[in-house]
Amino acid sequence: MKFEMSNRYTFEQFQQISLPEKSQFFSNDGWLFDLVYSQQLSRQLLDELYVLTNKIRLISKTTEGSRWLGSLLSSKKAMLYFIQPSTRTFLSFQTACETLGMKVSDVRSTSTSSEVKGESFADTIRTFSSYFDLIVMRHPQAGCAEQASFVLNNTRRPIPVINAGSGKDEHPTQGLLDIFTLKKSFSSTGGLKNKTIMMVGDLKRGRTVRSLCQLLAQFEDIKIIFSSPKELEMNPDLYQFLDNAGVKYEVTNGFVDWVPLADAIYMTRIQDEWDEEGDKKIDVTEWHFKEEHLKLLKSNAVILHPLPRRLEIEESVDNDPRAMYWRQVRNGMWVRVALIAHIFRLNRKILDR
Ligand code: NCD
């Protein structure tokens, strides 16, 4: 299936086709093969992955269980191709791979790969596929994970590619862990249905909010509040997406007045690595969550952040039971173990144990 589809297109043509059609190209016999976009994660697949996540957590609680998990992919090797800075996501994937027994290698800069000798991106990726069974990649350029999957699915040795953050556009596994955290946080208050999620900070250049919104759109009666300075408002294409999906949202340049309305506040960092020459510094202190704001927040609301944090959330907020960002980090590792287990079709084996 994968081969037949890809052979009909050049990469330029492939980029133009609709997402549902592309998604077929990234799966095999109904199983996810590559995870490139958050929209590949259907509601059903999310539920399956979360059931698997919970089971894996349970199994790992005993020494025997963790040893068993570590035997599942012990003959497989993973390449973590992370040529954009990362601490959490890199270590999270490394630990997730190791939990299943995979051996892990990494390239963390193009300056140490043959790309400095002028090798093409496609050749670098094909080289990885000669040694490894999985590529996890973080790349500053949007669409790179898509290109890597396209290249490999046209070869005789396609190996799965997981997008661990591409440019300003996508970070599907962050979305996966954010939804997991939200669902867990709202498990005693009726789940995600009817909840108001407030996205705060650099909405223009942050990829995590985009991926999260695309997943949230699958849940009933969700409302999103986008709160940012004027200059950092979300790109209109995402509003278009939400309109088409029938999701209600509000856009504001305010912050404090909206806090009491939120069931979850998703704080983000200013992504100033994307600043261009001549851009003026934007004062974002008004969009910082301070200790004094805790009293405005609903008693059962939660505060999330993909991290790394700068000053967006005052450190004294960390001890409040509504602060979920450190739990997000831990959840991230487990959902990534489940994702890799799914890609290697271990669901039945794990659920039956
Ligand atoms: C985010 C990213 O890389 O997009 N970090 C992460 O993966 N947890 C957010 C950020 O860098 O601000």
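Just so you know, ligand 1 is whichever comes first in the structure, and atom 1 is the first atom listed for that ligand.
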Hey, what's the ring geometry for Trp31 with His342, parallel, tilted or perpendicular (30° and 60° as the breaks)? tilted
Does even one non-hydrogen atom of Gln84 get within less than 4.0 Å of ligand 1? no
Between Asp133 and Arg157 (salt bridge meaning N to carboxylate O under 4.0 Å), is one present in this structure? yes
Using a 4.0 Å cutoff against the non-hydrogen atoms of Leu307, which atoms of ligand 1 qualify? 1 (C), 5 (N), 6 (C), 8 (N), 9 (C)
Ligand 1 versus Thr208: contacting region, heavy-atom distance under 4.0 Å: side chain
Measure from NZ or CZ of Lys76 to the centre of the six-membered ring of Phe344, then state whether that distance is under 6.0 Å and the direction lies within 45° of the axis. no
Is the contact between Gln174 and ligand 1 made by the side chain, the backbone, both, or neither, using heavy atoms and a 4.0 Å cut-off? side chain
Would you please test Phe226 and Tyr239 for ring-ring contact (aromatic ring centres under 6.0 Å, His included) and show each step? CA-CA 10 Å; Phe226 293 105; Tyr239 298 146; 5.5 Å; yes
closest protein heavy atom to atom 3 (O) of ligand 1 is Arg207 NH2, 2.9 Å
How long is the gap from CD on Gln39 to CD on Gln218, to the nearest 0.5 Å? 8.0 Å
Verdict with reasoning, Phe255 to His293, per ring-ring contact (aromatic ring centres under 6.0 Å, His included): CA-CA 10 Å; Phe255 172 67; His293 298 138; 5.5 Å; yes
Could you tell me, atom by atom, which parts of ligand 1 come under 4.0 Å of a heavy atom of His171? 2 (C), 4 (O), 6 (C), 7 (O)
Between Arg138 and Arg108 (side chain of the first, backbone of the second, donor and acceptor by atom type, cut-off under 3.5 Å), is there such a pair? no
Test item, Pro308 contacting ligand 1 (heavy atom, 4.0 angstrom): yes
Nearest protein heavy atom to atom 8 (N) of ligand 1, by residue and atom, and its distance? Pro306 O, 2.8 Å
Against heavy atoms of Arg269, which atoms of ligand 1 measure under 4.0 Å? 10 (C), 11 (O), 12 (O)
